[in-house]
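Just below is one structure, and these are the notes that go with it.
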Amino acid sequence: MTSAGKADRKASLDAASWLFNVVTSVGIIIVNKSLMATHGFSFATTLTGLHFATTTLLTVILKWLGYIQPSQLPLPDLLKFVLFANFSIVGMNVSLMWNSVGFYQIAKLTMIPVSCFLEVVLDNVRYSRGTKLSITLVLLGVAVCTVTDVSVNAKGFVAALVAVWSTSLQQHYVHSLQRKYSLGSFNLLGHTAPVQAASLLILGPFLDYWLTNKVVYAYDYHLISLSLIVLSCTIAVGTNLSQFICIGRFTAVSFQVLGHMKTILVLILGFIFFGKEGLNHQVVIGMFIAILGMIWYGNASSKPGGKERLPSSKSQKNSALSESSEVDEKV
């Protein structure tokens, strides 16, 4: 295959990965909004545990059929990942409960600069001026779209801080583990999903009771709510997989920046399906600014020097040592 053909194939796979993530993420938000807002199932942590249990079931079946090859993930790395991931889930739920919607949205936006900081410090990545400005434009556009009332309190600020850093670390760790241990998306899910499912299904009912003062086992289950729970779990498999695929193919920062397209789609679909929040001039202007920023980011980050990983001092030292040894051998 020619280099042009490989580039076209990579571009097609990249686009398919993003589309897969956008469709499943928006789909699960719409289903969960119906389940929670319309049918009163407010047990978000337990539902997330069911999502990972369904994902675990699929990975077990695929391993049994031979579609997932055996792989290794050291226990310390697995536990560290699950710790970040579970703190992310719990932190987001608590942050939403303790903060105003406006501050919750601002906290979510700060994940992009935090992810940038992690890439700069841990991966030695450098961004061009155009890439930095495009990220700023996306943040501005999404803020105009989503941020309304903003009120802050101490415990809400702490919850948001935990949520932002744990989510950013979890997403960075997805990319890092896949690269370090040569793990595919299903391989990594096969290692992490069972531990997340077990921990969230054990802790979830207690946490949900603390957050909502309701018991998950006392919920009045009926055919429609059960159907929505099954549908949510089914879509969640695609959401979990597509997240790992996208972060593995790109980076956590790109996933966050371009992922805000989902925020815009959710606003539009929420207006179409639920009709509670109109698309006023402020929201439309914010969407336009954010989309411009995403297009600019895609263009700026793909240019030479737009976003690049510099060789670490350790690798440079190893390279210098190898070169000196080659000279010694020749002498």
Side-chain angles (χ1 to χ4, degrees), residues 17 19-71 73 78-79 81-90 92-93 167 170-171 173-174 177-178 183-208 211-212 215-217 219 221-248 255 259 262 266:
S17 300
L19 182 62
F20 183 29
N21 181 255
V22 169
V23 170
T24 54
S25 298
V26 173
I28 200 169
I29 289 171
I30 297 298
V31 171
N32 287 352
K33 187 169 183 179
S34 176
L35 178 63
M36 294 179 180
T38 307
H39 299 282
F41 188 87
S42 55
F43 311 102
T45 311
T46 304
L47 182 62
T48 306
L50 292 173
H51 290 169
F52 282 107
T54 310
T55 304
T56 300
L57 179 62
L58 179 63
T59 58
V60 169
I61 293 173
L62 290 177
K63 280 182 182 178
W64 180 66
L65 293 174
Y67 289 106
I68 300 179
Q69 300 304 315
S71 60
L73 180 61
L78 172 61
L79 294 179
F81 176 89
V82 171
L83 183 69
F84 292 150
N86 285 358
F87 264 107
S88 168
I89 293 164
V90 174
M92 282 297 179
N93 289 340
T167 302
Q170 182 256 345
Q171 292 182 355
Y173 218 44
V174 168
L177 290 177
Q178 289 190 1
L183 295 172
S185 302
F186 263 123
N187 289 115
L188 187 55
L189 269 178
H191 289 294
T192 60
V195 184
Q196 281 193 265
S199 57
L200 290 174
L201 286 176
I202 292 171
L203 297 175
F206 298 101
L207 183 65
D208 287 332
L211 292 173
T212 65
V215 181
V216 64
Y217 309 110
Y219 175 76
Y221 295 92
H222 48 83
L223 182 60
I224 296 177
S225 63
L226 286 172
S227 300
L228 287 172
I229 291 171
V230 171
L231 181 59
S232 177
C233 290
T234 304
I235 299 174
V237 175
T239 306
N240 292 332
L241 177 61
S242 64
Q243 182 192 38
F244 280 25
I245 290 173
C246 287
I247 296 176
F255 181 75
K262 293 177 286 190
V266 168

What's the spacing between [X] [atom1] and [Y] [atom2] if we round to 0.5 Å?
X: Leu73; Y: Gln178; atom1: CG; atom2: CD; result: 11.0 Å
X: Ile68; Y: Leu62; atom1: CD1; atom2: CG; result: 4.5 Å
X: Leu231; Y: Ile224; atom1: CG; atom2: CD1; result: 13.0 Å
X: Asn240; Y: Leu188; atom1: CG; atom2: CG; result: 11.0 Å
X: His51; Y: Ile229; atom1: NE2; atom2: CD1; result: 9.0 Å
X: Ser71; Y: Lys63; atom1: OG; atom2: NZ; result: 6.5 Å

Per side chain to side chain contact (heavy atoms under 4.5 Å, CB included), Phe52 is matched among Thr192, Leu57, Ile89 by Ile89
Distance-only, no hydrogens or angles: does the [X] side chain make a donor-acceptor pair with backbone N or O of [Y] under 3.5 Å?
X: Asn21; Y: Ser17; answer: no
X: Thr38; Y: Leu35; answer: no
X: Ser88; Y: Phe84; answer: no
X: Ser232; Y: Leu228; answer: no
X: Gln243; Y: Ser25; answer: no

Verdict with supporting geometry, Tyr67 and Thr59, side chain to side chain contact (heavy atoms under 4.5 Å, CB included) = CA-CA 9 Å; Tyr67 289 106; Thr59 58; over 6 Å; no
Next on the checklist: Quick check: do Thr46 and Asp208 have side-chain heavy atoms less than 4.5 Å from each other?
Outcome noted: yes
Derivation and outcome, side chain to side chain contact (heavy atoms under 4.5 Å, CB included), residues His191 and Leu177: CA-CA 11 Å; His191 289 294; Leu177 290 177; over 6 Å; no
Determine the minimum heavy-atom distance between [X] and [Y], stating which atoms define it.
X: Cys233; Y: Thr54; value: CB-OG1, 3.3 Å
X: Thr212; Y: Ser42; value: CG2-O, 3.5 Å
X: Thr24; Y: Ser242; value: OG1-OG, 3.4 Å
X: Met92; Y: Thr167; value: CE-OG1, 3.8 Å

N/O donor-acceptor pairs under 3.5 Å from side chains in residues 198-206, not counting sequence neighbours:
from, atom 1, to, atom 2, distance (Å)
Ser199, OG, Asn86, ND2, 2.8
Ser199, OG, Val195, O, 2.9
Ser199, OG, Gln196, O, 3.1

### Task
Mind telling me whether Phe41 and Tyr219 have parallel, tilted or perpendicular rings, with 30° and 60° as the class edges?
perpendicular
